[in-house]
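For reference, the structure discussed in these notes is given below.
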Amino acid sequence: MAKKNYFNATRIAVIALFSTLSGLLYILNFPIAAAFPSFLELNFSDIPALIGTFALGPLSGAIIVVMKVLIKLVVKSTSTMFVGDLADIVIGIAFVVPAGLLYKHKRTFKGALIGMGVGTLCSVAFAVLFNRVALVPLYVQLYFGGKWEPLVGMMTPLFPSCTKETFYNFYLWVSVLPFNMMRCLIAAVVTLLVYKRISVAINRLSERLTPKGEGSDAREKRNTLIAVLVCAFVILLLILFTLLHYFLWRG
């Protein structure tokens, strides 16, 4: 029996679909000013990324996370010198990949719950650790020229006693941790509600797009090659437009 290509035409088409939906939701972000600092903006892009991970596997989920950020960068560029965008890639992958790996080995309701629980813990842990070790220092250096006062000033409307010395206490434990817990919980709940119906549609699409009969292996290889080339071309275009948008935006 011939080994099926992982990146067949059907899989790439579904990845593109979920990436586009995730990218659109990623663009439509909004702050929750009453609870979190204004630069922590909530969006629902984790929902299609998580559903895509359960349907297609953890590698496909990681690709969806990266693609959604590229799509957003093309449309809106970056307002954080790419620091926030890098954070969203790392934290998003930390969410969907563990969830997808566990669900892949136990494709049951219980397996989905365990996977999303572990994914949530990994994502929140990465969010706290990555912000402390790299993101905040990098953001302060690149965006504010090493000055902490502007960043602290963005925290004081919610936390009047916040200073440079106490910044991490307020930001990591009262903002980043609960914000990312809420983000993952929303994605998990919606995914549990809609995944079964969507997975049925994906299976039907796969059956329709999978070639049958003699010569099907050759046709599938041809379709896969075309799909991979188109996907690579689209990614290169997204990166190119991202860079052009960024440098034009800076100018």
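Side-chain atoms of T156 do not come within 3.5 Å of backbone N or O of F159 as any donor-acceptor pair. Checking side-chain atoms of T166 against main-chain N and O of C162 turns up no donor-acceptor pair under 3.5 Å. Judged by distance alone, with hydrogens and angles left aside, the side-chain atoms of T20 form a donor-acceptor pair with the main-chain N or O of A16 at under 3.5 Å. Not a single donor-acceptor pair under 3.5 Å links the side chain of T53 to the backbone N or O of G100. Without hydrogens or angle criteria, Y195 side chain to F54 main chain gives a donor-acceptor distance under 3.5 Å.
Between F44 and L28 the shortest side-chain heavy-atom distance does not fall below 4.5 Å. You'll find the side chain of L25 stays beyond 4.5 Å of the side chain of N43, heavy atoms only. The shortest distance between side-chain heavy atoms of Y26 and V69 falls below 4.5 Å. Taking the side chain as every heavy atom from C-beta outward, N29 and L42 never approach each other to under 4.5 Å. A 4.5 Å side-chain heavy-atom check between I63 and M67 finds at least one atom pair inside the cut-off. A heavy-atom distance below 4.5 Å is found between the side chains of V136 and F167. For the pair T120/L185, no side-chain contact is recorded, criterion being any heavy-atom separation below 4.5 Å from C-beta on. Proximity of E41 to F30: side-chain heavy atoms (C-beta onward) are nowhere separated by under 4.5 Å.
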Decide yes or no on side-chain contact (heavy atoms from CB on, under 4.5 Å) for I32 and M182, but give the supporting numbers first.
-> CA-CA 12 Å; I32 307 177; M182 179 182 67; 3.5 Å; yes
Are Y143 and V83 close enough, and set up right, to give a side-chain contact (heavy atoms from CB on, under 4.5 Å), and what steps lead you there?
-> CA-CA 9 Å; Y143 207 72; V83 175; over 6 Å; no
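The closest side-chain donor-acceptor pair between S123 and R183 falls under 3.5 angstrom.
For the atom pair CZ of F36 and CG of N180, the computed distance is 9.0 Å after rounding to the nearest 0.5 Å. Note that OG of S22 and CG of L17 are 11.0 Å apart. Values are rounded to the nearest 0.5 Å. Here the straight-line distance linking atom CG of L102 with atom CD1 of I114 works out to 7.5 Å at 0.5 Å rounding. Atoms SG and CE, on C184 and M116 in that order, are 11.0 Å from each other to the nearest 0.5 Å. Rounding to the nearest 0.5 angstrom, the gap separating the CG atom in L59 from the NZ atom in K104 is 9.0 Å. Atoms OH and OG1, on Y103 and T191 in that order, are 11.0 Å from each other to the nearest 0.5 Å.
For an aromatic pair to be called close, the ring centres must be under 6.0 Å apart, and Y171 with F39 satisfies this. For F130 and F126, the ring centers sit 6.0 Å or farther from each other.
Of all heavy-atom pairs spanning P160 and L158, the tightest one is CD-O, 3.5 Å. Nearest heavy atoms, I64 versus G52: CD1-CA, 4.0 Å. P98 and I93 make their closest contact through CD-O, 3.6 Å (heavy atoms, listed as atom of the first residue, atom of the second, distance). The two residues I51 and V194 have their closest heavy-atom pair at CD1-CG2, 3.5 Å. For T78 against K72, the heavy-atom pair with the smallest separation is CA-NZ, 4.2 Å. Residues S175 and P37 approach most closely at OG-CD, 3.4 Å, considering heavy atoms.
Linking ILVMFWY residues whenever their side-chain heavy atoms come closer than 4.5 Å, directly or via other members, places L113 and V124 in the same cluster. Linking ILVMFWY side-chain heavy atoms closer than 4.5 Å, directly or via other members, places V118 and V128 in two distinct hydrophobic clusters. There is a path of hydrophobic side-chain contacts, each under 4.5 Å, that joins L177 to Y139. One hydrophobic cluster holds both I12 and V66 under the rule that ILVMFWY side chains link at heavy-atom gaps under 4.5 Å. Follow the hydrophobic side-chain contacts under 4.5 Å out from L86 and you reach L40 in the same cluster.
Electrostatic pairing of K68 and D46 counts as a salt bridge here, judged by a charged N lying under 4.0 Å from a carboxylate O.
Taking the six-membered ring for Trp and thresholds of 30 and 60 degrees, W148 and Y168 have ring planes more than 60 degrees apart, a perpendicular arrangement.
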